[in-house]
Structure formats: structure tokens, C-alpha cells
Amino acid sequence: MIVVDSEPEVPRSTGGAREPLVEIDELVVEYPVSGGSVRAVDAVSLAIYPGEIVGLAGESGCGKSTVAHSLLRILKPPGEIAGGRILFRDQDVLSLPASQLRKFRWRNVSIVFQSAMNSLNPVMRIGDQFIDMFKAHERVRKSEAFGRSGELMELVGIDPARLRAYPHELSGGMRQRVVIAMALALNPELLIMDEPTTALDVVVQREILREIETLQRELGFAVLFITHDLSLLVEFSDRIAIMYAGKIVELAPARGLFERPLHPYTVGLMQSFPPLAGERRRLLGIPGSPPDLRAPPSGCRFHPRCPRAEKKCSIDEPRLVAHGAGEQVACHFPGEVS
Amino acid sequence: MRFLLRRLVFYVIALWAAITLNFLLPRLMPGSPLDGLIANYGEQIRSNPQILQQLKASLGSADEPIWQAYPHYLRDIATGDFGVSFAKQAPVGVIIGNSLPWSIFLVGVGFLLSFVVGTTLGMLAAWRRGGITDNVATPLLMGLQSFPAFFLSLVAVYFLGLKLGWFPIQHAYSNDADIGPNLGFFADAIRHAQLPVLVIIAISAGGWLLGMRNVMITTIGEDYVAFAHAKGLSDRRVMTQYAARNAILPPLTGFASFFASAVGGLILVEVVFSYPGVGLTLQQAALGHDYAVVQALLLVLAICVLVANFIMDCLYVVLDPRVRSA
Amino acid sequence: MTIGAGDLTAGLEPVELQPLPDARAPRSRKRRRIPEPIRLLLANPKSCFGIVLLCVIVLAAIAAPLLTGHVANEPDALPRQSPSWEYPFGTTDQGYDIFAQVLYGARVSLGVALVASLIAMTIAITLGLLAAYSGGWVDDSIVLLTNVFLVIPILPLLIVISSFLQGTGPTSMALIIGLTSWAIETRILRGQALSLRNRDFILAAKVAGESTPRVVFGELMPNMLSRIAAGFAFVFVQAVFYEAALEFLGFGDANQVSWGTTLFWATNNSTLLTGEWWHFVFPGVAISLTILAIVFINYGIDELSDPRLRRLETRKRRRLLGMLWRPRAAT
């Protein structure tokens with residue numbers, strides 16, 4: 001079902017049963033360090049359904065970008081996928097041979113990185129980079145590819161004449177839009193956005209997000225939105241997954257997560273953001289710091305910093321289990337107010 | 001363009017500095033070189049007072065104070081009057097004119113080839129870390145680099161030239177060659193250039209390789225390379241157009257210092273192979289205290305380095321669009 | 001690490017912040033790191049090999065009288081002998097023992113190179129740090145001076161100077177090499193110092209009122225030690241090369257015994273044509289091994305300072321040991 005050379009597109013499933021677009025199943029990613037290896041992603045499971053927006057949140061270093069890179073198999077060495085499966089519509093992504101992998105990339109899943117300037121080759125014109133991409137996937141003439149690139153630029157609100165420019169000649173916001181245009185060029189079914197707005201100022205952030213929303217409604221792709229900014233996700237996504245120290249600790253619909261965070265870490269995150277409105281209250285941080293993954297805490301990884309922790313937490317590692325309407329949480333005492 | 005202009009201004013300053021250094025050197029030495037010359041070649045000098053005059057002008061003497069000698073010297077340089085080599089009884093300009101083309105030929109071919117070989121291997125070595133190229137070529141070329149140019153030349157001459165007889169071992173062309181723009185001469189010249197060029201590649205490709213390899217490794221970690229991969233571009237395309245195109249820029253900027261030391265290697269190779277270029281000429285002249293030639297050659301070599309650097313700068317502007325708008 | 005705690009510290013409960021594992025204050029790093037790099041260098045197989053090789057060469061030079069009964073500067077053997085037990089490196093066409101020449105010559109060659117590199121590095125450190133720290137016209141003039149020296153080819157310059165000097169012994173050679181090869185390192189060190197200059201700990205020292213020399217030599221320089229070490233190795237290699245090259249070309253003191261002069265005599269007396277390969281091979285190999293040793297040490301220093309260059313080694317080695325074998329998808 002994955003794209004074969006002659007077929008330009010993966011057939012989309014229409015309505016009806018909710019079959020997941022992407023299924024990540026017990027994914028493990030390791031990095032070698034002196035004396036052993038570190039599991040940056042430790043048995044993570046996540047399903048993404050067509051057309052939905054899934055947010056993936058957590059602190060720096062919790063493994064969320066690693067999950068995204070694994071989806072496309074663009075992990076930077078020395079990271080290695082050491083276990084688990086990734087299915088895209090029942091096709092095993094991890095065992096795709098090189099030529100099929102190339103087809104899979106961009107047509108089915110595409111990605112937008114954090115810093116757009118670094119995503120564009122500094123010594124090539126923008127137009128050439130578009131054309132490169134088209135030519136890698138389809139047999140098109142340069143002129144046709146150029147024309148389609150122009151349309152994509154207009155889609156994100158940039159003058160097509162800028163195709164002749166070099167990346168350093170555009171502003172940061174424009175570059176980000178170019179990258180988004182590139183990412184949507186082949187109509188992928190899943191768009192991964194890896195901290196796409198972190199490097200931008202707040203105003204531009206909002207604009208970009210609005211645009212993504214509009215495009216998403218028009219084109220119907222699913223989005224995996226990775227960020228450490230939980231407030232963005234709450235507005236923007238359908239479901240949110242919270243990662244901590246390489247594991248998913250909570251997974252819930254956005255609204256539900258916001259109103260009733262179950263995992264103490266989520267609670268801590270929520271309480272870290274000062275609300276603009278409402279009564280003034282004390283700002284509470286989460287004491288301690290993320291664990292050193294070379295020697296993660298026993299049992300629940302969060303227990304050293306957890307206000308609810310009890311003896312059980314340092315022995316038994318909680319698994320991600322269902323807890324009410326569409327919610328999953330990995331905690332022995334979920335939902336108890338601290 | 002402003003970048004090139006700035007570089008040009010620098011080169012002019014450097015040229016002036018080289019000229020001035022040339023002027024000052026003999027005058028700064030303990031003991032007067034002129035006296036040494038007179039001691040060695042008294043007869044010849046006494047018989048030709050003109051030479052004595054010229055030597056005094058270029059080496060400095062009690063007759064002319066520095067602030068008078070300097071403009072004098074500058075004027076001589078500007079008019080191309082480098083004096084006369086009394087060892088060979090010929091104008092220095094002619095001597096240089098005979099030997100420079102050979103050096104340029106050797107350097108051009110040799111260093112160009114070593115650049116191409118080195119950077120290509122460096123690119124491949126970085127792309128497939130731990131692969132064959134990285135494990136064989138890198139240590140091999142880096143090891144070869146440890147051998148000083150003259151030693152490698154000697155080894156090459158001895159083993160490949162004398163013992164195995166595969167290559168001619170000295171001079172730029174055979175003694176009985178028909179000198180002139182004909183095919184036989186070109187073929188002969190190329191044959192004679194093979195071994196020196198091989199040595200040049202052996203001594204300098206390693207540097208290019210390592211430079212390119214290390215920058216490539218960093219470049220491979222850049223986001224735009226990951227992005228290019230994610231877009232589904234072919235491995236080769238990402239390696240060449242996205243990684244290598246960017247990775248080659250830093251090594252190119254190091255060309256300036258590289259070329260200056262490359263000249264040193266050239267001299268040694270020429271001496272061992274008795275190759276009639278400026279290196280051999282310089283050595284002979286310096287040993288024979290033929291100061292006019294020596295001074296002129298130092299200047300010419302400095303100018304060559306500057307010219308080569310300027311060419312590289314132009315190349316850099318072509319390759320890196322960011323510099324154009326700076 | 002807390003999110004959002006920001007500047008609103010008024011009335012906050014004290015939050016216990018543990019320092020991140022890598023954030024040691026650079027000052028204390030000075031006291032703790034000095035033994036560590038050497039330990040790390042020895043752990044890295046490449047630099048370990050280099051260090052061992054270099055030690056062997058240096059020790060051989062120092063222990064020369066113990067290793068050979070012959071003298072280097074007097075012909076006390078039959079000429080033109082190929083290597084044998086009595087004369088492991090053979091003899092020259094004049095009857096000198098080449099083994100003795102290589103051993104005693106090492107003292108001169110290494111000594112000259114050492115002094116020359118000390119001179120060159122001192123100049124490079126001073127100028128480089130001064131330029132980076134002072135900025136302004138001081139920086140500009142030093143940069144200009146450095147760039148000019150960078151484009152002047154060193155060997156021709158050395159040849160010209162030697163030619164004017166009517167003969168150069170080891171001391172003058174060390175001097176002129178040292179005074180001409182500082183430019184490359186000056187530029188590199190200046191670059192590194194520049195990137196460190198704006199770091200917080202430097203600004204903090206300035207604000208605390210430390211004088212310029214104290215900041216430069218007490219704060220800036222200790223953090224550049226690895227680069228300075230690598231730079232010293234590089235300059236040392238250059239010096240060995242230039243010293244040998246000058247003597248080989250005939251500009252040294254031909255009566256002095258060193259690696260370069262041995263090579264000079266090898267070519268001057270056409271030993272090549274008579275097939276006496278030992279005359280030039282052994283001193284040449286000695287020079288090459290010295291350079292090789294330092295190159296390997298530098299290799300190790302490179303990998304130390306840029307972890308990206310080294311991680312693959314660890315994983316490769318572990319793979320070879322079969323510790324991580326399991327079927328996995330290619331990334």
C-alpha cells in the first residue's frame with residue numbers, strides 16, 4: 001500500500017472506521033555513551049489518526065524530537081532504533097528498503113524543523129531546492145516543477161518571484177513559510193512539526209499557526225506537533241501526549257488534559273504557566289531536574305520529583321493505561337490532587 | 001564584490017610588505033652580506049663596477065642611507081629592474097622567466113590534482129564513516145603526510161625511479177628532447193612530471209582530505225542535510241549538492257596558509273628532481289650568494305602566493321552566495 | 001529544570017535546583033582538568049600510540065650514549081657499509097656510523113624544533129590573545145600583520161635569511177624558524193579567544209575588576225589549553241620539518257650532526273646512485289616517525305575536543321565485541 005514507483009499517491013482511506021494512519025508501537029531508540037547506551041525513547045506507543053492534530057509535549061531532552069525523526073528514519077548518528085515497530089497504514093516503516101523509503105519520505109510523511117534557516121541549503125536558490133524535491137519523486141520538467149513551486153509559495157503567502165532568492169535573503173518568518181510550503185508540496189498525509197515556532201517571535205508564531213490550521217482544514221493532513229510550549233498545544237491540537245524521560249506519561253484529548261490533568265508531571269507543567277487572566281497565584285515550578293538517562297530512577301521515572309510519590313513508585317514502573325474517556329496515563333495515583 | 005575589493009586592498013598591502021621586507025632583510029642581518037660577497041667573489045666584482053653598484057643598491061651599504069635607498073629600490077622594482085645575476089651573467093628577469101613556467105606547470109597540475117583527490121576522498125570518508133574509504137584512505141594519506149617532501153621525493157626517486165625504472169628521475173625533459181611547441185615535447189614533459197606530481201599529491205592530498213572530512217562530518221549534522229534526506233532526495237545528491245557544496249567552503253578559506261607552505265614543498269621536490277623551476281633556482285642562487293636572484297625570487301614567490309589567493313577568493317565568491325551580499 | 005518560573009521570584013518557595021552535569025564553572029575546570037586530558041589522550045588509541053612513539057624517540061635521543069658505542073661526528077668505520085649488527089643503520093660513504101648519527105642527531109633536531117616552537121607559540125599566544133581581547137586598532141593591526149606573514153612563503157623566507165646570514169648553526173636556526181612560523185597559530189588562537197571572550201565568565205571577571213593581564217592569562221588562557229596544546233604540536237611538527245628542510249638544502253651547518261644534515265650528505269654524495277639507500281632512509285624515517293607521532297597525538301586531541309568525531313569509534317568497537325548485536329532496522 002505504500003507508494004510504488006508508478007503510483008504518485010498513497011490511496012487515502014475514506015471516512016468510516018477510524019484506522020490509524022501511523023502506529024508507533026513500543027519504539028526504542030538508543031544512543032551509545034561511554035560504558036553503555038542511553039534509551040532516549042523507551043517503549044513509546046502512539047497512534048495518529050488521519051486528519052487529527054496530535055501534540056507531543058515535554059521538556060528538552062525528553063525524546064520527543066527523537067520520536068519524530070524515527071518516523072522518517074532520519075535519526076542523526078549515533079542514535080539507533082533499537083526496538084519496536086512503526087506502521088504507516090500497516091506498512092512497516094522500519095524495514096522499508098532504501099528506494100521505497102525515499103518514496104515514503106515526503107509523499108506520505110513530511111517534517112518541518114525548528115530553525116528554518118538551517119533547513120534550507122544556504123548555497124542553493126530556493127527554487128532549486130523545490131525543484132530538487134519534485135525531481136526526486138516525480139518525472140517532471142524543470143519548468144513544470146518551477147510552476148508548481150510558485151503555486152506553493154502563493155499558498156503560504158509569499159511572492160513566487162522569491163524563488164530566485166537565496167535563503168539568507170529572506171526573513172526568518174518567510175523562511176519558515178517556505179519550509180512549510182515545501183513540506184506540503186507532495187500532499188503528505190502526516191506533517192510533523194518539530195518545534196516549528198520556538199525560534200520565532202510571538203506574533204509570527206501565531207501567524208504561522210493560523211496558517212497551518214487553515215491549510216490543515218483545506219488539505220486534510222494530520223499533524224504531529226512537537227513542542228515544549230504546552231499552552232500552544234492546548235489551543236491547537238485534538239489530542240496531547242506528554243513525554244517525560246523517554247516515556248509517554250499521559251495521553252488525552254486536549255480539552256480533557258487542560259481541565260483534568262491526571263499525571264503529576266502534567267499538573268506541574270500546567271501550573272508552570274502564568275495565566276494572563278484570572279487571579280494571581282503562586283508560580284510553582286517542578287522541583288529537581290530531569291533524570292540522567294544513563295541511570296534513570298528505579299520504578300517511575302518521575303518519582304524523585306513527584307509530590308504524590310510513595311514507596312510503590314520507586315519500585316514499580318507504572319504502565320500507560322486507559323483512564324476514562326480516551327485518556328491514558330502512566331501513574332499509580334493518577335488524578336489525585338496534590 | 002566589496003569582499004573582493006577588500007581582499008585586493010589587502011593583497012596590495014601584503015605586496016608592499018613583501019617588498020619592504022625584501023629591502024630590509026639584508027640590511028638587518030648581522031654582518032654585511034655585501035662584505036661576504038666581496039670576500040667570495042672579489043675578482044668578479046672588482047672587474048665589473050656596475051655589479052658592485054647594483055649590489056650596493058640592493059643589499060645596502062654605507063654609501064646610501066636607508067631613506068634614500070628605499071625609494072631607489074621601489075623604483076627599480078616598479079621598472080622591473082631586478083638586476084643581474086653574476087653567477088649566470090644574465091638579467092635576473094630572464095632567469096626567472098625561464099624557470100617560472102616549469103614551476104607553475106608542476107604546481108598547477110600537482111596541487112590541483114591533490115585538491116581534487118583529497119577533497120573527494122574526504123567527502124566520501126565522512127559520508128560513510130567507518131567505511132572502506134575512511135578506514136583506508138584517511139590513515140594512508142595522513143600517514144604519507146608525515147613524510148617530509150624531500151624524503152618522499154628521495155624514496156620515490158630511489159625506489160620508483162632508479163630501482164624499478166618506471167619513471168624518469170630528473171629534469172623536466174630529456175636531454176635530447178626537441179624543445180618547442182610540439183607534441184613530442186609535451187609528452188616528454190608530462191612523462192618527466194609524473195613522479196614529482198605523484199610526490200606532490202602524496203604530501204598534500206592528506207591535508208585536503210582531513211580538512212574536508214572534518215568539516216563534512218559537522219555539515220552532515222546540519223539541519224538542512226537532515227531536511228534534504230527527509231525530502232527523499234537521493235543519497236548521492238544530498239552528499240554532493242547539500243553537504244559537500246557547503247563543506248568545501250571552510251577548507252577553501254584555509255587555502256591562503258596552505259599555499260604558502262605548498263611553495264616550500266615545491267622547492268624541495270624540485271631540488272630532489274633537479275626540476276628547473278624557481279625552487280631549484282632559488283636554492284642554487286642562495287647557496288652561491290647570488291643575492292640579486294635570491295631577492296627577486298622571494299618577491300616573485302610572494303607575488304605568486306598572492307595571485308593564487310586572489311584566484312581562490314574569486315572562486316569563493318562564486319561558490320558562496322552569502323558573501324556576495326555582505 | 002523548571003519551566004516558567006522566570007523572573008517572578010517574589011514569594012516563591014525555594015526551589016532546589018541541581019546543577020546540570022556539564023555546567024562546571026570554567027575556573028574550577030582549570031584545576032580539575034589538567035590530569036584528565038592526559039588520561040583521556042592515553043585512553044584514545046590513536047593519541048596513545050603517538051605519545052608512546054614520541055617517548056621512544058625522545059628517550060632514544062637522550063640515551064644515545066647508552067645505545068651506541070660509536071660517535072656521530074667522527075668517521076670510525078668502514079665506509080659504505082649496509083646495515084649490520086655492528087652498524088644497525090649502515091655507514092656513510094665517509095665512514096660515519098649512521099645509527100649514531102640518527103641518535104645524536106635527534107638531540108639537535110628535536111632541540112631546535114622545541115626551542116623554535118616555544119618561540120613561535122609564545123608569540124602566537126601573546127599576539128592572538130592580545131588581539132582578541134583588546135579589539136579595536138590593536139586587533140586590526142595584529143590581524144593585518146598576521147595575514148601578511150601568512151602569505152609570505154616560509155621556506156623561501158628561511159632560505160633567504162640563511163643565505164644572508166652566511167651560515168646558520170642550530171641556535172640561529174631555532175631563532176629564525178621560531179620568528180617566522182607563528183602566524184598560523186596566531187590566527188587560530190585569536191579566533192578561539194574571540195569566541196570565548198564574550199562568554200559570561202570573562203565578563204564576570206572584568207566586572208569584578210580583574211586587570212587585563214589577569215583576565216587574559218588567568219581566565220581566558222586556561223580554557224584554551226587544549227587548543228594551545230594542539231597548536232604547539234602543530235608548530236613543533238612544522239619546526240622539525242623546516243629544520244630538516246633547511247639543512248637538507250644545504251643551509252645548515254654541515255659539520256653539525258642532525259637528521260637534516262645526514263640527509264644533506266646523502267644527496268650531496270650521490271649515495272642514491274650507488275644504491276646506498278640506508279644513508280637517506282633511516283634519518284628520513286626518523287623525521288617521519290616524529291611527525292607521525294605528533295600527528296597521531298593531534299588526532300586524539302581533535303577527537304577529544306569534538307565529540308562528534310569520536311562517538312562512532314565507541315560504537316564500532318562495541319559492535320566488534322559483539323556486545324550490542326541484535327537485529328535492528330537500518331536508520
Side-chain angles (χ1 to χ4, degrees), chain B residues 10-11 13-14 17-18 21-22 25-26 29-31 33 36 59 129-130 142-143 145-152 154-155 157-159 162-163 214 217-218 221 256-257 259-265 267-268 271-272 279 282-283 285-287 289 291 294-295 297-298 301-302 304-306 309, chain C residues 46 144-145 147-166 172 183-184 187 237-238 240-242 244-245 248-251 260 263 266-267 272-273 275 277 280-281 283-285 287-296 299 302 306 308-309 312-313 315-316:
Chain B
F10 166 69
Y11 292 138
I13 297 180
L21 187 67
N22 224 359
L25 264 181
M29 292 295 126
L59 296 177
R129 295 293 307 285
M142 289 312 297
Q145 272 228 301
S146 310
F147 296 100
F150 48 94
F151 182 58
L152 268 185
L154 287 172
V155 167
V157 164
Y158 187 78
F159 290 104
L162 276 176
K163 285 281 160 176
N214 287 352
I217 290 176
T218 315
S257 31
F259 199 76
S261 57
V263 171
I267 296 178
L268 294 166
V271 165
V272 172
L282 178 63
Q283 186 223 18
L287 283 175
H289 302 288
Y291 292 130
V294 165
Q295 278 192 305
L297 271 179
L298 182 62
L301 284 172
C304 287
V305 172
L306 293 176
N309 277 325
Chain C
K46 292 194 182 93
L144 189 60
L145 182 68
N147 283 342
V148 165
F149 262 86
L150 276 177
V151 285
I152 297 180
I154 298 186
L155 192 58
L157 184 61
L158 287 172
I159 292 176
V160 171
I161 296 179
S162 305
S163 160
F164 283 139
L165 277 181
Q166 328 275 356
S172 22
I184 297 183
R187 176 205 274 190
V237 158
Q238 291 249 342
V240 169
F241 172 76
Y242 283 128
F248 170 75
L249 290 172
F251 295 105
L263 280 166
T267 42
L272 275 185
L273 294 172
W277 55 270
F280 76 88
V281 164
V285 166
I287 299 175
S288 312
L289 282 180
T290 310
I291 298 181
L292 193 76
I294 308 247
V295 161
F296 268 87
Y299 219 169
D302 264 352
D306 188 351
R308 276 175 296 208
L309 292 174
L312 196 62
E313 297 291 341
R315 190 173 63 155
K316 219 173 45 173

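The sequence lines fix the lettering, A, B, ..., with proteins before strands; numbering per chain opens at 1. Just the heavy atoms: all of them, side chains too, but no hydrogens, waters or symmetry mates, feed the values below.
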Tell me, side chain or backbone of B:Leu21 under 4.5 Å from chain C's heavy atoms, or both, or neither? side chain
With only heavy atoms counted, which part of B:Val294 is less than 4.5 Å from chain C, the side chain, the backbone, both or neither? both
Taking side chain as everything from C-beta outward and backbone as N, CA, C, O, which of these in [X] sits under 4.5 Å from a heavy atom of chain B? Side chain, backbone, both or neither.
X        : result
C:Val160 : both
C:Ile152 : both
C:Tyr242 : side chain
C:Leu158 : neither
C:Ala244 : both

Taking the side chain as everything from C-beta on, heavy atoms only, tell me whether [X] gets closer than 4.5 Å to [Y].
X        : Y        : result
C:Pro156 : B:Leu282 : yes
B:Tyr158 : C:Val281 : no
C:Ile159 : C:Phe251 : yes
C:Ile287 : C:Leu263 : yes
C:Phe164 : B:Gln295 : yes

Selection from C:Leu249, C:Val295, C:Leu155 maximising heavy-atom pairs under 4.5 Å formed with chain B: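 The answer is C:Leu249.
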Among C:Ile294, C:Val237, C:Asn147, which residue has the highest count of heavy-atom pairs closer than 4.5 Å to chain B?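 Ranked by heavy-atom pairs under 4.5 Å with chain B, first place is C:Asn147.
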As an exercise: rank [options] by heavy-atom pairs under 4.5 Å with chain C and give me the winner.
options                      : answer
B:Ala14, B:Pro148, B:Gly264  : B:Pro148
B:Ile267, B:Leu306, B:Ile13  : B:Ile267
B:Leu268, B:Leu301, B:Val157 : B:Leu268

For C:Phe241 and B:Ala149, which heavy atoms make the closest approach, and how far apart are they?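 Looks like CE1-N, 3.8 Å.
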Residues passing the side-chain contact (heavy atoms from CB on, under 4.5 Å) test with C:Leu289, sequence neighbours excluded, are C:Leu53, C:Ile57, C:Val285, C:Leu292
Which residues pass the side-chain contact (heavy atoms from CB on, under 4.5 Å) test with B:Val155, sequence neighbours left out? B:Phe151, B:Phe159, C:Phe280
